Amino acid sequence: MTTARTKSMSAAGSTPQATPSPLFASLRSRRLWLTVLGWSVAGVIFFPIFWMVLTGFKTEAEAVADPSLVFSPTLDSYVEVQSRANYFHFALNSVVVSFGSTLLALAIAIPSAYAMAFLPTRRTKGTLLWMLSTKMLPPVGVLVPIYLLFRDVGLLDTRLGLTIVYTLMNLPIVVWMLYTFFKDLPRDILEAGRMDGAGTLQEVWFLLLPLTLPGIASTGLLAVILSWNEAFWSLNLTSSQAAPLTAYIASFSSPEGLFWAKLSAASTMAIAPILVFGWLTQKQMVRGLTFGAVK
């Protein structure tokens, strides 16, 4: 009996250990390489921002002659930037114009996308393609007529004029994104609302908007970022009263040359609000951009 127990224990002890399959090992290795590649690409993309922030804490001499990472940080560039121009005036203009143009674009795009998604005609596809083609036109091609028109109606260097231009600039993208989100919505839900007696406004307000809120939110966030970063129209249609932060940055470029430390400090102050805003809303943006991708 003891011999039988010994044999069974030796047989159990001699059982070979399970080894990872080649497929599992290859998948693990591929995941590791993809992670390394992703972090490398993120580092390359983020490095200019990191270098800009770093340069803002240097003196002008160090910014030009000393590219090292070891230096004595100073706030002189930020102090000089603040004394030269009122940062909060430009920041307020950026906030008003960016969020104002986004709200106006959404107010126009939501009924437009609704009509194209649920009440299509023969011209719907052609209209969408035409709207997208307007983004291919260089802005400088329409600068002169828009400038003359704004001059005649008194919209030069005004927040209202810049808001209108930014709205028209982002409207094709906003309509296209909302159109794709609305198309992914099952029609049965809207038909059930109609059977319960909901009108068009009630259908949009109580059914369409709550169900597509992630997509609308991500579209609005993207429009805010695009408006915040727009420089061409702000430099050509404003001078002082309605100039946003992009014009604030450009003011530190002079015929005497580029003051790298001051320019970096001004750029850091200009992108800081939108970086924080994007960081806080990244989950909503990713959720909205992937809205409807998985059924």
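Just so it is clear, the structure is predicted and the values come from calculations on it, not from any experiment. Values below: all heavy atoms of this structure, side chains included; hydrogens, waters and symmetry mates excluded. Along the sequence shown, the residues carry numbers beginning at 1.
- Using a 4.5 Å heavy-atom cutoff, the side chains of Thr59 and Phe71 are not in contact.
- Annotation: side chain of Phe277 is in contact with side chain of Leu221 (closest heavy-atom distance under 4.5 Å).
- Residue Pro244 forms a side chain to side chain contact (heavy atoms under 4.5 Å, CB included) with just one option from Thr238, Val96, Ile249, and that option is Thr238.
- Residues forming a ring-ring contact (aromatic ring centres under 6.0 Å, His included) with Tyr179 (at least two apart in sequence, or on another chain): none.
- A donor-acceptor distance shorter than 3.5 angstrom exists from the side chain of Trp228 to the backbone of Ala270, with no hydrogens or angles considered.
- For Glu203, the salt bridge (Lys or Arg N to Asp or Glu O under 4.0 Å) partners are Arg194, not counting sequence neighbours.
- At most 12 heavy atoms of other shown residues, nucleotides or ligands fall within 6.0 angstrom of atom NZ in Lys125.
- Neither Met269 nor Leu92 shares a network with the other; the hydrophobic side chains, linked directly or stepwise wherever heavy atoms of I, L, V, M, F, W or Y lie under 4.5 Å apart, form separate groups for each.
- Taking all atoms of both residues into account, the shortest heavy-atom contact from Asn93 to Gln241 is ND2-O, 3.1 Å.
- To the nearest 0.5 Å, atoms CG (Leu160) and CZ (Phe150) are separated by 8.0 Å.
- Thr167 OG1 to Leu104 CG: the interatomic distance, rounded to the nearest 0.5 Å, is 4.0 Å.
- From Ile146, atom CD1 reaches atom CH2 of Trp233 across 3.5 Å, with rounding to the nearest 0.5 Å.
- Leu201 CG: 12 or fewer foreign heavy atoms inside a 6.0 Å radius.
- One finds the OG1 atom of Thr268 at 9.0 Å from the CG atom of Leu275 (value rounded to the nearest 0.5 Å).
- Remark: Trp176 CH2 is packed, more than 12 non-hydrogen atoms of other residues, nucleotides or ligands lying under 6.0 Å away.
- Between Thr134 atom OG1 and Leu168 atom CG the span is 9.5 Å, to the nearest 0.5 Å.
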Quick one: do Asn229 and Thr246 satisfy side chain to side chain contact (heavy atoms under 4.5 Å, CB included)? Show the steps, please.
CA-CA 7 Å; Asn229 296 330; Thr246 47; 5.7 Å; no
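- In this structure, Phe57 and Tyr78 have tilted ring planes: the angle between them lies in the 30° to 60° band.
- Side chains of Met52 and Ile271 form a contact here, defined as non-hydrogen atoms less than 4.5 Å apart.
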